[in-house]
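For reference, the structure is listed below as C-alpha cells.
Only heavy atoms go into these numbers, but all of them, side chains included; no hydrogens, no water, no symmetry mates. Please read all numbers here as calculations on a predicted model, not as lab measurements. Order of the sequence lines sets the chain letters (A, B, ...), proteins ahead of strands, with each chain counted from 1.
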Amino acid sequence: MHLAHSERVAANLFRMTNSTSPVRVRYAPSPTGIPHIGNIRTALFNWLLARNTDGQFIVRFEDTDRTRYDERSERAIFESLEWLGLEWDEGPDKGGPYAPYIQSERKQTYIDAAERLVNSGHAYYDDTTPEQLHALRERQRAAKQPQRYDGRGRHRSPEEIEESRKAGLPITIRLKVPDHGTVSFEDAVRGKVSFELKEIDDFVILKSDQMPTYHLAHIVDDKAMGITHVIRAEEWISSTPRHLLIHEALGIEPPIYVHASLILSKDRSKLGKRHGATSALEYRDRGYLADAVFNFIALLGWSPGDDTEVMSRDEIVRRFSIDRINDSPAIFDNEKLEWMNGVYIRNMSVDALVAELLPFMERPEAEGGLLDTVSRPIDRHYLTRLIPLVQERLKLLTEGVETLDFFFADNVNPAAEDLPGRKMDAEMTERALNAALELCRTVAPFEPERLEAEYRALAEKIEMKPGQLFSPIRVAITGKSFAPPLFDTMSAIGQDRCIDRIENAILILRSAAVTGA
RNA sequence: GGCCCCGUCGUCCAGCGGUCAGGACACAGCCCUUUCAAGGCUGAGACCGGAGUUCGAUUCUCCGCGGGGCUACCA
C-alpha cells in the first residue's frame with residue numbers, strides 16, 4: 001500500500017518533468033493475415049507511449065472487409081502481442097468500458113454516423129455501380145486524366161436513389177469533398193503536411209453491404225473510445241486528409257497524428273513474404289528471444305537520443321518519446337538482430353536459458369529437435385550443467401540443438417578425414433588417439449582441471465603440440481571440429497562414453513586406412 | 001502519370017549553423033586461445049547533386065536526382 005503510493009508519486013513526478021499526460025492509444029489491425037514485423041512495431045510504439053505516460057493501450061479488430069477476413073489471424077495477432085509482452089488494457093477478448101472492440105459488431109454506429117452526415121449535407125447516397133466506376137476509370141486513363149470519381153452521385157435526387165434501391169442496385173454513401181482549398185495537419189514526427197482538396201474525390205464512407213470503410217470506422221471508434229494519439233505507419237499519410245475531412249463533417253476534433261516510417265526489406269522494398277522471416281511469430285520459432293526482438297524493433301525508427309542500444313524493457317519504456325521517432329524508413333537488418341539476440345542470451349541466467357532452450361531441444365527431430373532416440377523429457381539437471389559451456393556461443397535458441405546434441409547422443413560418428421588436426425597425417429592421428437585412449441582409462445577424478453593437466457603432460461610426452469593432441473580427441477568425442485572447451489566437455493560426457501568414443505574413432509580411422517589406401 | 005513522405009558509413013542510429021562527422025552490426029588485421037565463440041585493440045567505410053541564405057552549411061530554403069508510399073465499395 002505504502003509502496004504503491006510512493007510509486008504513484010514517482011510516476012506523477014516523472015510525468016510532470018516529461019510534460020506528458022496519459023494517452024489512450026490503440027493497435028487496430030485488420031484480421032487478414034499474420035502480423036509482420038512492421039505491424040508489430042506499430043503496436044510496440046503505441047504500447048510504449050501508453051506505458052510511458054501511464055495511459056492505456058487498446059486492441060481493436062478492424063474487420064470491416066469481410067471478404068478478406070481470416071480467422072487464424074486473430075489468434076496470431078494475440079499471440080504476437082503476448083509473445084512480446086505487449087499486454088493490452090482493453091480489447092476484443094477482454095472487453096472494456098467501450099466494448100465491443102470488434103468493428104463488425106459495431107456496424108450500427110457507423111451507419112448512424114454516415115446517415116447523420118447525409119442529413120447534415122456532408123455526404124450523399126450514390127448508386128453508381130462498380131461497372132460504371134470501372135468504365136469511368138477506363139475513360140480517364142485513356143484520356144490520361146487522373147483517375148478519380150467524378151461526383152456524379154451528388155446530383156441524384158432522393159427519388160432516383162429510391163428507385164435504384166428498389167431495383168436492387170448497390171447504394172453507397174460518399175463524403176462530399178470541397179473541390180478547392182487545402183487541408184493540412186501537424187504530424188508529430190514530420191511537422192506540417194498539406195494536401196490540395198482538388199486531388200481528393202468524393203470517397204466512400206459506407207459500402208453497399210452497409211459496412212463502413214476504414215476511413216469512417218476508425219474515426220467513429222477512436223472518438224468513441226477516447227483515443228488521443230494515432231500512431232500508424234507512413235502508408236496512411238495520404239489518406240489522412242480524408243480523415244480530417246470526416247472529423248470536420250462530424251464536428252469533432254482529430255487526434256494527434258504520428259506517422260512512423262515503413263520498415264523496408266533488405267532490397268529496399270516493402271517487407272513481404274518472400275524476404276524470409278517477416279512475422280513476429282516466425283522470429284519466435286526461429287529461436288529469437290522476445291526481449292531481443294522487442295529491443296531491436298524499438299530501435300528501428302526510434303532511438304533514445306544517445307548511443308545506447310541494449311536496453312531493458314523498463315528502460316525503453318522510460319526513455320520512449322514521440323519526438324524521437326525517426327522520419328526516414330529503416331531496412332530490417334537480420335545480422336544485427338542476431339547479434340543482439342546473442343547479447344541477450346549471454347546476459348541470461350542459466351535457469352532462464354534452460355527454460356527457453358528446452359522446448360526447442362524437445363521438439364521432434366524432424367522439426368529441428370534432438371534425435372528422436374534421445375528420450376523426452378530431457379534431463380533438466382544435465383542440461384543445466386551444460387549451459388555454461390555453450391552460453392556464450394549461442395546466437396539463436398535453435399542452435400542449442402546442434403551445439404549440444406553430442407552430449408545427449410549415445411554415440412557419435414566422425415568422418416575419418418575430420419579426425420586429424422592441422423599438419424597431422426593418419427598415422428600421427430592414430431598415435432594421438434591411442435595415447436589419449438590409454439590415458440582416458442586412468443584419469444581420476446574425471447574433472448576438467450585434472451584432465452587438462454594430464455593431457456598436457458601427455459602431449460609433451462608423445463612430443464606433440466597440445467593443439468595437435470586435442471584436435472583428434474575433440475572430433476572423436478563431439479563429432480565436430482568445433483565444440484565447447486574439450487576438458488569440460490569430456491568431464492560432462494563422462495569417462496565411459498569418452499572411452500567408447502575414442503575407441504570408435506580409432507576404428508573409423510583404421511577402416512578408412514584400409515579401404516582408402 | 002498525379003499527390004505525399006523520405007535522403008549521414010553496406011545496414012541501424014547520433015548530429016539539430018562552427019565536430020578530426022560519433023556509436024553499433026557486418027567486414028579486415030592483430031592480441032587472447034586446445035577448436036569455435038566471447039572479449040580487447042586497430043583499420044577501412046558516409047553527409048545524393050546543384051543553386052541560394054550566412055562570416056560559416058551535413059544541419060536552413062529552393063530546384064533537380066534517387067528511394068518509398070498512396071492513387072479501391074482493402075485496411
Side-chain angles (χ1 to χ4, degrees), chain A residues 28-33 62-65 67-68 126 128-130 133-134 137 141 144-149 170-174 187 189-190 193-196 198-201 203-215 217-218 232-241 259 261-262 264 266 268-270 296 299-310 324 326-340 342-343 346 390-395 403 421-422 452 455-456 459 465-471 473-475 478 480-487 489:
Chain A
S30 62
T32 52
E62 312 232 320
D63 60 343
T64 53
D65 182 357
T67 62
R68 293 201 306 156
D126 181 35
T128 313
T129 63
L133 253 13
H134 182 74
R137 278 191 212 106
R141 186 167 41 183
K144 293 199 189 330
Q145 297 291 312
Q147 293 171 44
R148 267 184 228 122
Y149 175 69
I171 310 291
T172 62
I173 296 180
R174 287 179 183 267
D187 189 278
V189 339
R190 288 150 216 276
V193 182
S194 310
F195 294 83
E196 293 294 325
K198 66 172 170 8
E199 304 290 342
I200 303 167
D201 60 9
F203 58 96
V204 172
I205 56 176
L206 198 75
K207 301 184 260 188
S208 59
D209 64 356
Q210 298 288 283
M211 275 294 196
T213 58
Y214 165 83
H215 306 302
H218 89 277
R232 61 187 9 173
E234 190 184 350
E235 53 190 324
W236 292 107
I237 291 181
S238 31
S239 49
T240 304
H259 288 105
S261 295
L262 260 12
L264 270 24
K266 203 99 179 175
R268 294 207 144 268
S269 69
K270 218 174 158 183
F296 183 75
L299 256 21
L300 237 40
W302 173 81
S303 90
D306 56 25
D307 291 332
T308 318
E309 294 199 304
V310 178
R324 294 224 54 98
N326 229 338
D327 54 8
S328 53
I331 293 173
F332 194 94
D333 180 9
N334 227 314
E335 281 179 341
K336 188 158 182 176
L337 205 211
E338 262 191 38
W339 161 78
M340 189 170 274
V343 171
R346 273 173 254 135
V390 300
Q391 185 160 10
E392 69 185 18
R393 293 166 170 75
L394 297 179
K395 286 214 294 266
T403 312
R422 272 183 213 124
E452 176 158 8
Y455 274 92
R456 281 192 185 281
K465 291 182 176 174
Q468 288 183 311
L469 172 61
F470 300 167
S471 273
I473 305 176
R474 175 177 303 107
V475 176
T478 67
K480 304 173 200 292
S481 51
F482 52 92
L486 180 58
F487 304 110
T489 301

So which nucleotide from [options] ends up closest to the side chain of [X]?
X        : options             : result
A/Arg393 : B/C73, B/C4, B/U35  : B/U35
A/Glu309 : B/G39, B/A24, B/C74 : B/A24
A/Pro485 : B/U35, B/A75, B/C25 : B/U35
A/Thr213 : B/C74, B/A38, B/U35 : B/C74
A/Glu335 : B/A26, B/G22, B/A75 : B/A26
A/Ile331 : B/C6, B/C13, B/C12  : B/C12

Reckon [X] has a side-chain N or O less than 4.0 Å from the OP1 or OP2 of [N]?
X        : N     : value
A/Ser239 : B/A75 : no
A/Lys465 : B/U35 : no
A/Lys198 : B/G2  : no
A/Arg190 : B/G69 : no

Test salt bridge (charged side-chain N to carboxylate O under 4.0 Å, His left out) applied to A/Asp327 and A/Arg190, step by step = CA-CA 6 Å; A/Asp327 54 8; A/Arg190 288 150 216 276; over 6 Å; no

Establish whether the base of B/C73 is bridged to the side chain of A/Ser208 by a donor-acceptor pair shorter than 3.5 Å.
->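 Checked by distance alone, the answer is yes.
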
Do the charged groups of A/Lys395 and A/Glu335 touch, with an N to O distance under 4.0 Å?
->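 A salt bridge is absent here (no side-chain N lies under 4.0 Å from a carboxylate O).
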
Answer yes when A/Asp65 and A/Arg68 have at least one side-chain N-carboxylate O distance shorter than 4.0 Å, and no when they do not.
->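 Between A/Arg68 and A/Asp65 there is a salt bridge, with a charged N closer than 4.0 Å to a carboxylate O.
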
Do side-chain atoms of A/Arg148 reach the backbone of A/Ile200 as a donor and acceptor pair under 3.5 angstrom?
->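 A pair under 3.5 Å: no.
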
Rounded to the nearest Å, what distance is computed from the OH atom of residue A/Tyr149 to the C1' atom of nucleotide B/C73?
->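 Nearest whole value for this atom pair: 11 Å.
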
Whole angstrom is fine here: how far is it from NZ in A/Lys336 over to P in B/U11?
->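 One finds 13 Å between P of B/U11 and NZ of A/Lys336, rounded.
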
